[in-house]
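Report on the structure given below.
Every heavy atom of this structure was used, including side-chain atoms; hydrogens, water molecules and symmetry mates were not.
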2 protein chains.
Amino acid sequence: MPVAPLFRPIDVAPAYQKVADAIEREIVNGRIKPGDPIGTEHDLVRQFGVNRSTIREGIRVLEEGGLIRRDSSRRLHACLPRYSKLASRLSRALVLHEVTFRELYEASMTLEVASIEGAVERATEDNIAELDDNLARSEAVVGDPAMLAECDAEFHVLVAKASQNRVLQLAREPAAQLFYPTTEVIVTGVAEGGPRLVAAHRHLIDAIRRRDREAGVLWTRRHLQDWRRGFEKIASLDRSVEHMYMEHAQAARRR
Amino acid sequence: MPVAPLFRPIDVAPAYQKVADAIEREIVNGRIKPGDPIGTEHDLVRQFGVNRSTIREGIRVLEEGGLIRRDSSRRLHACLPRYSKLASRLSRALVLHEVTFRELYEASMTLEVASIEGAVERATEDNIAELDDNLARSEAVVGDPAMLAECDAEFHVLVAKASQNRVLQLAREPAAQLFYPTTEVIVTGVAEGGPRLVAAHRHLIDAIRRRDREAGVLWTRRHLQDWRRGFEKIASLDRSVEHMYMEHAQAARRR
DNA sequence: TTCTGTCCCTTTGTCCGACAAAGCTAGAGC
DNA sequence: GCTCTAGCTTTGTCGGACAAAGGGACAGAA
């Protein structure tokens, strides 16, 4: 017969974890604001009363979580986690779970349509200017699949940004990061791919400017369906995404 | 005048980072499969030819990224990153970016509707059985806001799972984790909240079983609108989410 | 004046060696 | 066959050490 629960489990986290938790708490509840210095490792040694090795392990945890960074001079300071970095962890996880391009496509359809709807409704002049700038650059590199794919990825980030919804911005990022490397392959393989891509972007900006929701959704769907058709020429939608990811991961590491 | 960029920055990653990268590469490209042991720290010291402290810093990075874990006996092994753990990093980031409940609500509306559409289309018998089980437990705790909120969170995880789309599953998680703690507050504050919540779940399961997409979407919208109305009774949608998060983070830490 | 080279101090990245606590393993004893 | 105990291994932590690199101050050169 199990005894009645008299005691709660004791918190026996290792010291490095407690260090990380303590610093995280101060950042999340705002006592340490993004940009504030954390102090040197030696400072933390004094404050927490543990060895420097222990402090350093705790710092690694926070660094990987995106809560703190080292600036050019390697000093520690708190920072706002960057969506793209966090999303790359998720992308990696999706790869390990061997998600298929079909899943990626379906989710992206939902998320990109939601993005454009938000953008049509709430894009500012600045947002539109950024999109125009991106379009100009895309047109200049329409013959270079790698550069064009990069522009395309940035375009959709800008659309999401224009939606003024950061939750959406973050939610779409992991799928988009896995999409992106395939775009280059597709544009390379499909003759009309580049110009069609740029044309779709032009229509999307136009829809945002005219606050024309129908047109925005329509062209987003077409744009993604183009991607899908291009993809189906080179592989099955039920393929999982490992190989595409490996290239992308290498590129991210160079950044 | 700035000089033209002639050279690229040299890759001078510290040793602990290289250790982490090397192990990550082996896991992502599948040479180390989830569940495989990584070896002891001493093994890694021999293989990489660096000090144990350096190895340990690399291990912390991978651990935080969810790629490796220590089992009950603290031995290292590779593992599939868990969505809920990764998502909690994103939730934390959203809090730090001070997203509003309006953003959360909008994004969730999109993501939950997409989930139910997928579930209506592709839910298996097992998925429906899990949902039924969840409903039964929800009915049993309808008077206990904390337990009911927990059941509600699980219900929506199960719906997303039934959509058979893991990208969607992952994309909705961060927003859902921030939603969850508010549900308890709302159910506590609104007399009819509990029963309405359970009724909505019942209609949703019914829609999934009958493959009735319209009904699924309709009841998902109503369910979320209920949440919104409840929330607006206690706070403005334009509030950001810190305070709600703090409670949730503490609960997560106990887990 | 503005740039460059130098010296010094601080900080980080890495290494070495050490030890207690907790898990695992293999016999000893029943 | 089972339990128990004495090792051995592994992790978490500690203390101290040192080279490399950054920052700052300062002197000298163009």
Side-chain angles (χ1 to χ4, degrees), chain A residues 7-24 26-27 32 35-79 253, chain B residues 1-4 6-27 32 35-79 253:
Chain A
F7 300 109
R8 303 236 125 262
I10 303 175
D11 175 23
V12 284
Y16 73 87
Q17 190 66 54
K18 289 187 177 174
V19 168
D21 285 348
I23 298 176
E24 168 181 347
E26 295 306 291
I27 294 177
I32 300 177
D36 286 357
I38 303 291
T40 67
E41 295 178 0
H42 188 56
D43 289 338
L44 297 175
V45 166
R46 271 196 304 263
Q47 293 182 52
F48 286 103
V50 297
N51 193 271
R52 192 158 76 99
S53 308
T54 306
I55 293 289
R56 284 175 63 82
E57 289 187 38
I59 286 174
R60 294 297 157 244
V61 172
L62 295 170
E63 236 172 12
E64 175 68 8
L67 281 180
I68 67 178
R69 297 174 67 182
R70 314 197 93 107
D71 59 18
S72 61
S73 70
R74 299 193 190 155
R75 276 191 190 34
L76 290 170
H77 54 84
C79 67
R253 216 166 288 128
Chain B
M1 193 172 93
V3 295
L6 188 54
F7 300 108
R8 306 226 126 270
I10 304 174
D11 174 25
V12 283
Y16 72 85
Q17 189 66 56
K18 288 186 178 175
V19 167
D21 284 349
I23 298 176
E24 169 181 347
R25 230 181 343 264
E26 295 305 292
I27 294 176
I32 300 176
D36 287 356
I38 303 291
T40 68
E41 294 177 0
H42 189 55
D43 289 339
L44 296 175
V45 166
R46 271 197 303 263
Q47 293 181 52
F48 285 104
V50 297
N51 192 270
R52 191 159 76 99
S53 308
T54 306
I55 293 289
R56 283 174 64 81
E57 289 188 38
I59 286 174
R60 294 297 158 243
V61 172
L62 294 170
E63 237 172 10
E64 176 68 8
L67 281 181
I68 68 179
R69 298 174 68 181
R70 316 195 92 108
D71 61 19
S72 60
S73 71
R74 298 193 192 157
R75 281 206 214 316
L76 290 169
H77 55 85
C79 68
R253 214 166 289 129

To the nearest 0.5 Å, how far apart are CG in A:L44 and CD1 in A:I55? 5.0 Å
Would you mind checking if B:E57 and A:R56 are paired as a salt bridge, meaning a charged N to carboxylate O distance below 4.0 Å? yes
Between [X] and [N], is there a contact of a side-chain N or O with OP1 or OP2 at under 4.0 Å?
X     : N      : answer
B:N51 : C:dC16 : yes
B:R52 : D:dC14 : no
B:R70 : C:dG23 : no

Rounded to the nearest Å, what distance is computed from the [atom1] atom of residue [X] to the [atom2] atom of nucleotide [N]?
X     : N      : atom1 : atom2 : value
B:R46 : D:dT9  : CZ    : P     : 11 Å
A:I55 : D:dG12 : CD1   : P     : 16 Å
B:D71 : C:dA22 : CG    : P     : 17 Å
A:I59 : C:dT14 : CD1   : C1'   : 15 Å
B:E41 : D:dT13 : CD    : P     : 11 Å
A:L76 : C:dT10 : CG    : C1'   : 14 Å
A:F48 : D:dC14 : CZ    : P     : 13 Å
A:H42 : C:dT11 : NE2   : P     : 8 Å

Given A:D36 and A:H77, is the side-chain contact (heavy atoms from CB on, under 4.5 Å) satisfied, shown in steps? CA-CA 5 Å; A:D36 286 357; A:H77 54 84; over 6 Å; no
Could you say whether A:R75 or B:S53 is positioned toward the 5' end of DNA chain D, judged by the nucleotide with the nearest heavy atom to each? B:S53
Within the side chain of B:D43, is there an N or O that forms a donor-acceptor pair under 3.5 Å with the backbone of B:T40? yes
Would A:V45 and A:N51 count as a side-chain contact (heavy atoms from CB on, under 4.5 Å) if you check the C-alpha gap in whole Å, the side-chain angles of each, and the deciding distance to 0.1 Å? CA-CA 6 Å; A:V45 166; A:N51 193 271; over 6 Å; no
Per [X] side chain, nearest of listed nucleotides [options]:
X     : options                : value
B:T40 : D:dT13, D:dT10, C:dG13 : D:dT10
A:Y16 : C:dT12, C:dT14, D:dT13 : D:dT13
B:A15 : C:dT14, D:dT13, C:dG13 : C:dT14

Classify the nucleic acid contact of B:R56 as base, sugar-phosphate or nothing, counting any heavy atom under 4.0 Å across all strands shown. base
